[in-house]
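Fair warning: this is a prediction, and the values are worked out from it, not measured in the lab. Keep in mind that the numbers below use all heavy atoms, side chains included, and drop hydrogens, waters and symmetry copies.
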Amino acid sequence: MPVKIQTLNFKGVGYNTYTFNKERIRIGRSPENDLVLKDGDVSRNHVNLFQLGLKFYLEDQGSMNGTWIYNDGDWIQSTGAQELKFPVLVIVGVNIILKIDNINKEDGSAQDTDMISEPSTSVLEPGFEKERYCGILVLDICDSTKITNIDEKQAYLMKVQLNRIAMPVFLLNDMAFYKGTGDGFIVTFKAPFTALSVADQLTEKIFQSNRNDPKYPIHFRLALHYGKIYYTDSERTDVHGNDVNLAFRIEGVQEDAFIQQLGSFPKENRILCSGEFRNQVESFSKKFNLIFNYCGCAKLKGIEEAIDIYCISK
């Protein structure tokens, strides 16, 4: 029975998709495997995926860093042969996550649809091909450099924990593009309301993680924007464009950027969005029980027009 495996390296850009139609799939760092994962934290012969009858199983091969299966919101370390319920998310080692699904189950329909309206902007747009409109999400850990200077190990573990929280949310919501940024990531989705839902799910899971481990909380800044992105090549290994820059500027905006600040403006643990993003998702805000609080109009570095910024809260 054919299966599809999507691979994503937390440290990398984009993700790859592979299809297999065989009863046993060997996964590991060695080139002798069916699926070769080039990462130092992956063992040479890490894990096997195999079929018995109509059932699929995953079995760790005594790997150094283990194999973890996502189950009802938690990562459970795999011991022995474990039956899989598709779709399933698996972490191999430390940095690589797999999304495994049965191809025969898929009906080819997409949950997201592109929005028809285009954002208003006076920022000049470069003439690159392969552009598309999408919801853009940018997240960054606050004070990561300071944390690294104090405790390098803890800073690393914080990033690993953030990835383990975020990746299931991204992959289960059909992200279109992913890129790690060192202390965070940029992710895009076909529809802005999907990006809104992901931001809501992600922040709730981060807050829950902080409650479980109050000694080492993850403090973050998250930004949402709707606009045009450009892929740098046919493999979609990176994105750029004015709207990408705008999303990053919103993520890091400070109080002194506001021409007139009209509302409260948290410095951390916040979800900010552009006025254009709010316009696109306003009709969905009640579905998620979210409130858009107007912060004011800000002049952002490198952006021609002043931008309306909102803070999203429950």
Checking [X] side chain against [Y] main chain: does a donor-acceptor pair fall under 3.5 Å?
X: Gln254; Y: Gly252; answer: yes
X: Asp74; Y: Asn71; answer: no
X: Arg26; Y: Glu32; answer: yes
X: Asp151; Y: Gln154; answer: yes
X: Arg29; Y: Val42; answer: yes

Enter the distance from [X]:[atom1] to [Y]:[atom2] here, rounded to the nearest 0.5 Å.
X: Ile206; Y: Asn269; atom1: CD1; atom2: CG; result: 8.0 Å
X: Leu98; Y: Tyr18; atom1: CG; atom2: OH; result: 10.0 Å
X: Asn212; Y: Phe207; atom1: CG; atom2: CZ; result: 13.5 Å
X: Leu157; Y: Glu152; atom1: CG; atom2: CD; result: 12.0 Å
X: Thr148; Y: Lys159; atom1: OG1; atom2: NZ; result: 5.0 Å
X: Asp200; Y: Ile271; atom1: CG; atom2: CD1; result: 6.5 Å

Examine the side chains of [X] and [Y] and answer whether a donor and an acceptor come within less than 3.5 Å of each other.
X: Asp238; Y: Thr232; result: no
X: Asp60; Y: Ser63; result: yes
X: Asp308; Y: Tyr294; result: yes
X: Ser313; Y: Asn293; result: yes
X: Asn95; Y: Asn9; result: no
X: His225; Y: Asp243; result: yes

Can you name the closest pair of heavy atoms from [X] and [Y] and give their distance?
X: Pro31; Y: Val36; result: CA-CG2, 3.9 Å
X: Arg211; Y: Pro214; result: O-CD, 3.5 Å
X: Lys22; Y: Ile25; result: CG-CG1, 3.9 Å
X: Phe265; Y: Cys295; result: CD1-SG, 4.1 Å
X: Trp75; Y: Pro168; result: CZ2-CG, 3.4 Å
X: Asn102; Y: Pro2; result: OD1-O, 3.4 Å

Would a single hydrophobic cluster contain both [Y] and [X], if residues Ile, Leu, Val, Met, Phe, Trp and Tyr are joined by side-chain heavy-atom contacts under 4.5 Å?
X: Val94; Y: Leu35; answer: no
X: Leu224; Y: Val169; answer: yes
X: Ile97; Y: Ile76; answer: no

>> Using side-chain contact (heavy atoms from CB on, under 4.5 Å), reason through Asn65 and Ser43 one step at a time and then give a plain yes or no.
In response: CA-CA 8 Å; Asn65 292 306; Ser43 296; 5.9 Å; no
> Given the rule in the ring-ring contact (aromatic ring centres under 6.0 Å, His included) test, do Tyr226 and Phe193 qualify, once you have shown the distances and angles that lead to the verdict?
Replying inline: CA-CA 10 Å; Tyr226 176 71; Phe193 56 82; over 10 Å; no
>> Could you walk me through whether Ile5 and Thr7 satisfy the side-chain contact (heavy atoms from CB on, under 4.5 Å) test, starting with their C-alpha distance in whole Å, then the side-chain angles of each, then the deciding distance to 0.1 Å, before giving a yes or no?
In response: CA-CA 6 Å; Ile5 302 179; Thr7 68; 4.2 Å; yes
>> Once ring-ring contact (aromatic ring centres under 6.0 Å, His included) is applied, what residue pairs with a partner in residues 23-54 remain, sequence neighbours excluded?
In response: Phe50-Tyr57
State, yes or no, whether a side-chain contact exists between [X] and [Y] at a heavy-atom distance under 4.5 Å.
X: Tyr178; Y: Ile186; answer: no
X: Leu202; Y: Leu139; answer: yes
X: Met175; Y: Leu8; answer: yes
X: Leu196; Y: Val198; answer: no
X: Arg270; Y: Leu222; answer: no
X: Thr67; Y: Val90; answer: yes
X: Arg164; Y: Trp68; answer: yes
X: Leu49; Y: Arg24; answer: no

Under 4.0 Å between a Lys/Arg side-chain N and an Asp/Glu carboxylate O for [X] and [Y]?
X: Asp101; Y: Lys4; answer: no
X: Glu251; Y: Arg249; answer: no
X: Asp174; Y: Lys190; answer: no

>> Show, in sequence, the C-alpha distance, side-chain angles and deciding distance for Gln161 and Asn163, and conclude whether the side-chain contact (heavy atoms from CB on, under 4.5 Å) test is met.
In response: CA-CA 5 Å; Gln161 176 66 3; Asn163 286 330; over 6 Å; no
> Does the side-chain contact (heavy atoms from CB on, under 4.5 Å) test come out yes or no for Cys297 and Phe258, once each step is laid out?
Replying inline: CA-CA 6 Å; Cys297 190; Phe258 285 90; 5.9 Å; no
>> If the condition is side-chain hydrogen bond (donor to acceptor under 3.5 Å, both in side chains), which residues does Glu59 pass it with, not counting sequence neighbours?
In response: none
> Taking the six-membered ring for Trp, are Phe185 and Phe170 ring centroids under 6.0 Å apart?
Replying inline: yes
>> Taking the ring centre of each residue, are Phe189 and Phe177 less than 6.0 Å apart?
In response: no
Taking atom [atom1] of [X] as the centre, report whether more than 12 heavy atoms of other residues, nucleotides or ligands fall under 6.0 Å from it.
X: Lys314; atom1: NZ; answer: yes
X: Gln77; atom1: CD; answer: yes
X: Glu268; atom1: CD; answer: yes
X: Gln208; atom1: CD; answer: yes

>> Using the side chain to side chain contact (heavy atoms under 4.5 Å, CB included) definition, which of the options Ile91, Val160, Asp39 pairs with Phe10?
In response: Ile91
> Among Lys85, Gln51, Glu83, which residue meets the side chain to side chain contact (heavy atoms under 4.5 Å, CB included) test with Phe56?
Replying inline: Gln51
